[in-house]
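Chain letters run A, B, ... following the sequence lines, proteins first, then strands; residues in each count from 1.
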Amino acid sequence: MKKTMLRGAIAAAAMIVGAQGALAQDADSLTINGEIDIVTEAPAAAHLDGALRTVYSGWRFRSDETQAMEMDDFDNPGMLAVEDAMVAWNTAEGTEGKSCADCHGDAAESMTNVRAVYPRWNEEAGELRNLQMQIDACRTEQMGAEAWGLDKTPMLNMEALISSVGRGTIVNVAIDGPVADMWEQGRELYYTRTGQLELSCANCHEDNYGNYIRADHLSQGQINGFPTYRLKNAKLNGVQGRFRGCVRDTRAETYAVGSPEFMALELYVASRGNGLAVEGPSVRN
Amino acid sequence: MAENVTPRVRVPRSAAAGETITIKTLISHTMESGQRKDGDGNPIPRSIINRFTCDFNGQNVIDVTLEPAISTNPYFEFQSLVPEAGTFTFTWFDDDGSVYTDTKEIAIG
């Protein structure tokens, strides 16, 4: 009798979890071009203990039509940017007369494990760098070329190229050592309510992912798919530009792209996706 | 002048005789509508792809008139009957007079 009741209780608990699951994300699996398997669901990293049990890629929250666009490079408009970046990759620029390819060779071989570990600490410069900052540092220091600037089109294109060759690799951002303080600052920002609406990142992306925000499903706000081609503005979008959009929507004054606050936040949010696969350039609405 | 215009086409390498295949095409193009103004308030002249055609061994498969409301990087997906081995020829006509073409062979087997 007791055993039956217990079993009943477990079944009821499973139903509740199941119901939440149905609200949250679909059960589709993502394979790009029929060959690159993408991990869109993973056990949450240890530091998310008590916050999230499972992390999901934003792809799982999108409609079938939007999902399909990412499953084939021909249908993914972000891949046009990758093509543009391929030209830039092989173009010599700056006072040194060097191209990316002169040092790094074929991006498809040398860049596969890059996107997954950024943002990361740069020992020489003594600073935390995201991928865009690293690209610009390479341009100014190694090539003697002009910096592209954060979130500018050629920059996003190059970021898309470097992401695209790393698709399928597992995000593994370091959060200890020299970046521990910034990571802590990022976590604090994530849980701090801002703006007239008094919303923190967590209010939507942790407490309410899977629920509707107006006509749209909230995702967990994972950034493994960035840079992201958004159907709403028909172009590639950078992570920190997206942060700006989110903070603005809380009706707050936003931090600037490249500010120490957003660097810390990018590091923290990236680390929340540890275990998911690199997906960029992804397609979202 | 439109810049960085690159046509892309995907056609299966082979098909059974009489089979219906799916063709996907995309051309990167700004498709400037002519309705917008630049920072100084001057109209930006219209510059779009105004016609797209696909022929198979000289026989027309599809002939499309494009209008200014069509967005950047026009994408077409359509089906074609393949009665025999041959060549698909794709042609895009630009407002500025440029003509972009691409061809794809298809085998029977």
**Message:** Do A/K235 and B/T72 make a side-chain contact, defined as non-hydrogen atoms from C-beta onward lying under 4.5 Å apart?
**Reply:** no

**Item:** B/R46 CZ: over 12 foreign heavy atoms closer than 6.0 Å
**Value:** yes

**Message:** Tell me the closest heavy-atom pair linking B/Y75 and A/D75, and the distance in Å.
**Reply:** OH-OD1, 2.9 Å

**Message:** Counting only non-hydrogen atoms closer than 4.5 Å, can you tell me which residues of residues 81-116 of chain A sit against chain B?
**Reply:** A/E83

**Complete:** Between the CZ atom in B/R8 and the CG atom in A/D73, the distance rounded to the nearest 0.5 Å is 11.5 Å

**Message:** Within the supplied structure, the quantity of interest is the number of heavy atoms (other residues, nucleotides, ligands) at a distance under 6.0 Å from A/E146 CD; does it exceed 12?
**Reply:** no

**Prompt:** CD of A/E253: more than 12 outside heavy atoms within 6.0 angstrom?
**Reply:** no

